[in-house]
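Some notes on the structure that comes next.
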Amino acid sequence: MLVNYIGVLNLNEEEGNLKSLTVNRPLASVIIFGRYRVIDFILSNLVNAGVKTVGIFGQTHSRSLVDHLGTGKPWDLNRKNGGLFIFNYSLENPPISDAKLLKNNMEFFYRSSGDHIILASSRMIYKIDFNEVARYHEEMGNDITVLYKKVNDSEGRFLNCDVLNLDKGNEVLSVGRLLGLNASVNISMETFILKKELLIDFIYRAIEKSKYNSFKECIYDSLDKLKVRAYEYKGYLSFINSVRSYYLTSMDILDLRVRRELFFEKGKIYTKTNDSPPTKYYEGCEVENSLISNGCLIKGRVKNSIISRGVEIKEGAVVEDSIVFSNCIIEKGTFLKNVILDKNVIIEEGKRLIGDKKFPVVIEKGEIVENLLRKAGEIKR
Amino acid sequence: MLVNYIGVLNLNEEEGNLKSLTVNRPLASVIIFGRYRVIDFILSNLVNAGVKTVGIFGQTHSRSLVDHLGTGKPWDLNRKNGGLFIFNYSLENPPISDAKLLKNNMEFFYRSSGDHIILASSRMIYKIDFNEVARYHEEMGNDITVLYKKVNDSEGRFLNCDVLNLDKGNEVLSVGRLLGLNASVNISMETFILKKELLIDFIYRAIEKSKYNSFKECIYDSLDKLKVRAYEYKGYLSFINSVRSYYLTSMDILDLRVRRELFFEKGKIYTKTNDSPPTKYYEGCEVENSLISNGCLIKGRVKNSIISRGVEIKEGAVVEDSIVFSNCIIEKGTFLKNVILDKNVIIEEGKRLIGDKKFPVVIEKGEIVENLLRKAGEIKR
Amino acid sequence: MEREIIALILAGGQGSRLELLTKTNAKPAVEFGGKYRIIDFTLSNCSNSSIEVVGVLTQYQPLILHSHIGIGSAWDLDRVNGGVTILPPYTEERGGKWYSGTADAVLKNINFVEKYSPENLLILSGDHVYKMDYLKMLKFHKQKNADATIAVTKVPIEEASRFGIMNTYEDYKIYEFEEKPKKPKSTLASMGIYIFKWDKLKEVLMEDARDENSSHDFGKDIIPKMLKKGYKMYAYVFNGYWKDVGTINSYWEASMDLIKEDPYSPKEEELRLFDGSWKIYSVSFAYPPQYIGPSANISNSLIVEGCIVFGTVSNSILSYGVVVGEKAEIIDSIIMSDAVIEDGAKVIKSIIGPKVVVKRGSVVGDGKEITVVREGEIVTGSVN
Amino acid sequence: MEREIIALILAGGQGSRLELLTKTNAKPAVEFGGKYRIIDFTLSNCSNSSIEVVGVLTQYQPLILHSHIGIGSAWDLDRVNGGVTILPPYTEERGGKWYSGTADAVLKNINFVEKYSPENLLILSGDHVYKMDYLKMLKFHKQKNADATIAVTKVPIEEASRFGIMNTYEDYKIYEFEEKPKKPKSTLASMGIYIFKWDKLKEVLMEDARDENSSHDFGKDIIPKMLKKGYKMYAYVFNGYWKDVGTINSYWEASMDLIKEDPYSPKEEELRLFDGSWKIYSVSFAYPPQYIGPSANISNSLIVEGCIVFGTVSNSILSYGVVVGEKAEIIDSIIMSDAVIEDGAKVIKSIIGPKVVVKRGSVVGDGKEITVVREGEIVTGSVN
């Protein structure tokens, strides 16, 4: 167990392409796979490997993220020694670099016990046993280990990712960026292992030279001086940086192998729980190839969809190839296909919304709010 | 028990005269009486009376306050239903009125179950059983009940407080401000009981007319329309709005009656605990009429003083009539009189600091920081 | 600190009438309704009624029960002063004694009760399914200035002879208590929920302890004794849904009631599981959402997180992590956590314990009597 | 989930050698060092050693112990998977049995242990005062590939005959165990701290359970049996401060050691209570800071929050909320929580239990033998 490792999550992620889903929240706290938030996956990977101290660095003031993380109890990070530290700064203009963000909270690094750092972002979704990566890192005597996966990106799901150019010994020779479709490339998973002192050194150097926009550039600039090796990850990997990739990633979970890998292998995925009752399936409902969370009332038809908590799907409603966030109400006789509904949306009787798999329709949080409030008053859930 | 009462603490308090003590923190989280913070007293009054929901409204971004309050566990406010809500906004310029502050967080009032509000500030230190006040409020059928105490303010400790002009039935006729020494006046304790709906109404009115700087002005403006009665409090009261009043209030605690009243009558005072060991008194130490917290090492002389946690007073050091915040180190052969030391201060060997009771010397947090860090490295506490 | 009321939950009984379900688990910790354990209802009622000092008396197979309750944070009962305290049997200087009856169990924990010097003591069972505001009952108890108040539910007169019946005057003052009367005079059946003035109860408990013929049981001994001695006792009529799930039959019935009801029903006689104003809390687990496969066919059922369903589920309840294979059928049944019903297997009118595996093509239940399969069994072939 | 190691703390003994201190309280819950209870040291060691599954076996007068431990949040042991679990005796279908020995207690909780399928099991006592990194011991255990590793402390040869002595080869492999040998061959005394390979221990426990002549005790039965059967057993030498506080004498001595030591001592043989890198955690209370009056005279003593001191305190420890009146004298003594030593009273070389009142002018102790006053007593006159 990695008792001497500190997790550092850098949420300074580009979210421009996620549009309305990240209006109210950072990518890290976007709902995914029904009951989770994006950040749950990397956070669970860390704690499953025994990491007991995690610092989360973001730039947006985010009540949704803070509410979700709380004291870190669901991840067993409510600790007297170590635990969860959230460093949230209100957005400055122009945004500061992530190196500066780390620099501003240097005390965290000095104070936390542990001599190694796992630095990661939340927009890469994967399931890994970090013990194995750490063993590789230590046994190979690397200065820096970076995770990668070989992909055949014919769908363009890894556009804009960093690409590693490796030698036969997996030493990183150079780093590029994936700008088009490509037959076979080594995608950087934006996850690094390095010594704490090296990270501190990097941070100071990045600030001093002030030529780096991001911390990883600083690493890439040291390839000739340091032993930077890549660790090959062979499991499921997804990269969320657009509505399209969010939609495709969500739909991946309907695949048994992906579900098994993400949810059941190499530890559990932890998340904040609430007290929803079981989901009630009524007579006459039809549900097919879908992921359904607790607390739903299902009277209509659901196919190839992902439904969050407390959703009500009334008689004759049809939800296909769609993603529905929590507490939505889908009224009678509606038809939804390739749609993403944010929280608390009401789809009124008889409406039809049809998107495209590449361009799903996104309905923002709380649309038709007044109706919802009336409803909430009546049924008090 | 006041299960249908909601506590609202308005920390929008003038702190100008507290100078260096409030540089790093709001008044509410200033250390007092060794192991407490100013806010602990009003907060404990509320929870001792059975209040289960408390909203705290402040304007300064305050890590020290948030760290102190945490999830509210020490006050038993870590609850699924109700609990502690902290509304902290970064300082706007010009500062917004407290009514606006409440308005911005209207959801808190709508959502919290309970139909009565106890509105208070933290700078008034007193110990009360709010059950009695609530009974008075309900039995008298008041629209608003305001707490007051009759004082003989010959020392000027209540300067700038609101003064209530009452009729024989304790109805509030008018409100003034204490601007000089006065033989006998009714000091408003800035604590009000009223119905939730009335508060909501006030907030909207205050915003609409935008003529009120503070919420209480709005109340005072309604004296002719509403039944506003005052409840007489007869116990210990102190008002902290300057270094001088902070110093005097602190010294009050060396009086047995004040200690008994604040600490042992009408419920306990809760505060965040840590894991300090007992205090060790060495051979040859001399301690007299002083309040000492856990985790101290006392080798020197302490007289008429208040010492926080983890303070080290070395051989031959003399601390008189002083207040020492946590983790200070008083080296050998020093002499302190009428001094306030903020956290982590080191007084180097042989130094003498002598203030006046009316103008105590205040040493800011962490003075001689580098020395402290070296120390901390050596002894790892 | 003096308290107006504190509660003790009797959770130590063996629950032998639940047969196979309580071989290795205490009755209050038996799963119910998919994501709950039976005691969750009583604990949630305490929490929602603002009763913040709750002692849970345990004795029989308590490992699951203890770890389920923990310090009560699931029910918001992890309080600085009070909260939940588990009270198992213990040894003293002169050795240890097991709890020999419900009244004896309370008496052995007199130190716990006295710590809070309560005015009133609320005695609860850990095996009832209901939503009840105990503060309303306390209000009634105080209005009547009763020494003891007993919650009662109205049962059909033809069923009254199966219950302990309270015969009362018009103002609900009890003048007689009849255990399973052949000719019932009233339809007010005791729910086994009592509020006592603590000083009065203490007297009676101490006296009863000296009575060698007593079985030290609240229903059988304490209540009749108090009546006989002329204590002031009242019946408090509760109109909501209430079910003692102490037998296999009643457990199954209560489960079917839960499936049948409208979860947002405005009717008091239903449990209204989805009513957010009186939530039932439980410990939550890190299971993924339920996956419903392409060929699944679900009707009138309650299903929770972690389930994977490919087959048919009708009028049934599936708990955490249940797997229902292709062409498997679950009808009128309760499937407890992590059970696996393999492809083509059939389960009818049965209660399947946790971690049971019903192998491919096997059949459990004949649809007439209720069939129970105990925890961890592996079923092949046909079982009734 | 498989665990490398989990711990069981034996905390069920009556502690009769602590006499008056354990009349109504289990030994591990006896106050120590002003703000701790004895078990805090073992629990803090677990927490600081990152051992996150800890079972505490309780049986004797556990109310204070149970409420002290709660779910372990004071020690950071309120973990989602694991954390602290209290394991009291319980009844099964065929009735209940009390724990009859330390090995029997572990065997009766085999279900708890198996839940975590641990590779190794750490057996600890709840009544030792020490700071120890169990992971270092585990490392040694694994390096030696031992079936059992026993922590030992070096004692002076002249005292060795009071202990259980391990005779080892140069590499610390144990070839013989002698309980209180008249002519000790070694100075390595067992600390009653064991790491076992769980599968090996399970075998031995099951076998021992069938042995009717066994007292089912780790020291007396299990260790000798394992040696005899040729299991690979090693002694792990611990050099830090360690004290079994199971008798009045050793309890008093340990307290005096604590007063004497330099709290920041760099020496391993001291407890170093102020060393923040290995904190001892406990449950904290809402007491105000200690008030030291104008005429007080304190020397070489440990005092905690809530105390009020007007008199003289020398070489003593005062726990939470102790009051020492004007001209009262406390010398070489331990005063437990909320005791009141009234004006002019004198306490010498004594252990004063919680809530004791020593009335005005009374005298406790003669300075020769240790005098113990039990919880809640009211002392007038002179007591030795």
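By convention in this document, chain letters (A, B, ...) are assigned in the order of the sequence lines, proteins followed by strands, and residues within each chain are numbered from 1. The structure presented is a predicted model; accordingly, all values stated were derived computationally and were not measured.
Shown here for A:Tyr282 and C:Pro263, the closest heavy-atom pair between the two residues is OH-CD, 3.2 Å. Counting all heavy atoms, side chain and backbone alike, C:Pro288 lies closest to A:Tyr36 at CA-OH, 3.0 Å. For the residue pair A:Asn294 and C:Val304, the shortest heavy atom distance occurs at OD1-CA, 3.3 Å. Closest non-hydrogen pair, C:Pro289 versus A:Ile292, comes out as CB-O, 3.3 Å. Nearest approach of C:Ile298 to A:Cys285, heavy atoms of both residues: O-SG, 3.3 Å.
Residue A:Glu286: no heavy atom, backbone or side chain, is found under 4.5 Å from chain C. For C:Tyr36, the part lying near chain A is the side chain, with the backbone staying farther off; criterion is any non-hydrogen pair under 4.5 Å. With a 4.5 angstrom heavy-atom cutoff, A:Phe263 touches chain C only via side-chain atoms. For A:Lys272, no part lies under 4.5 angstrom from a heavy atom of chain C. Using a 4.5 Å cut-off between heavy atoms, A:Asn304 does not touch chain C at all. Of the two parts of C:Ser44, neither the backbone nor the side chain holds a non-hydrogen atom closer than 4.5 Å to a non-hydrogen atom of chain A. Neither the backbone nor the side chain of A:Thr271 has a heavy atom closer than 4.5 Å to any heavy atom of chain C. A:Phe264 touches chain C through its side chain: at least one heavy atom from C-beta onward sits under 4.5 Å away, while N, CA, C and O do not. Heavy-atom distances place the backbone of A:Ile269, and not its side chain, under 4.5 Å from chain C. Looking at A:Leu254, the atoms closer than 4.5 Å to chain C (heavy atoms on both sides) sit in the backbone and in the side chain alike.
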What's the verdict on side chain to side chain contact (heavy atoms under 4.5 Å, CB included) for C:Leu302 and A:Tyr281, showing C-alpha distance, side-chain angles and the deciding distance? CA-CA 6 Å; C:Leu302 293 168; A:Tyr281 295 83; over 6 Å; no
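Counting heavy-atom pairs under 4.5 Å between each of A:Ser308, A:Ser293, A:Cys296, A:Ser290 and chain C puts A:Ser290 at the top.
Atoms CD1 and CD1, from A:Ile298 and C:Ile292 in turn, are 7.5 Å apart once rounded to the nearest 0.5 Å. We find the CD1-OH distance between A:Ile253 and C:Tyr291 to be 10.5 Å, quoted to the nearest 0.5 Å. To the nearest 0.5 Å, atom CG of residue A:Asn289 and atom CZ of residue C:Phe310 are 8.5 Å apart. Taking CG of A:Asp275 as the start and NZ of C:Lys35 as the end, the distance is 6.0 Å to the nearest 0.5 Å.
Side chain of A:Lys268 to main chain of C:Phe285: no donor-acceptor pair is present (N/O by atom type, distance under 3.5 Å, no hydrogens or angles). Side-chain atoms of A:Arg35 never come within 3.5 Å of backbone atoms of C:Ala286 as a donor-acceptor pair (strictly under, hydrogens ignored). Side chain of A:Lys280 to main chain of C:Ile259: a donor-acceptor pair is present (N/O by atom type, distance under 3.5 Å, no hydrogens or angles).
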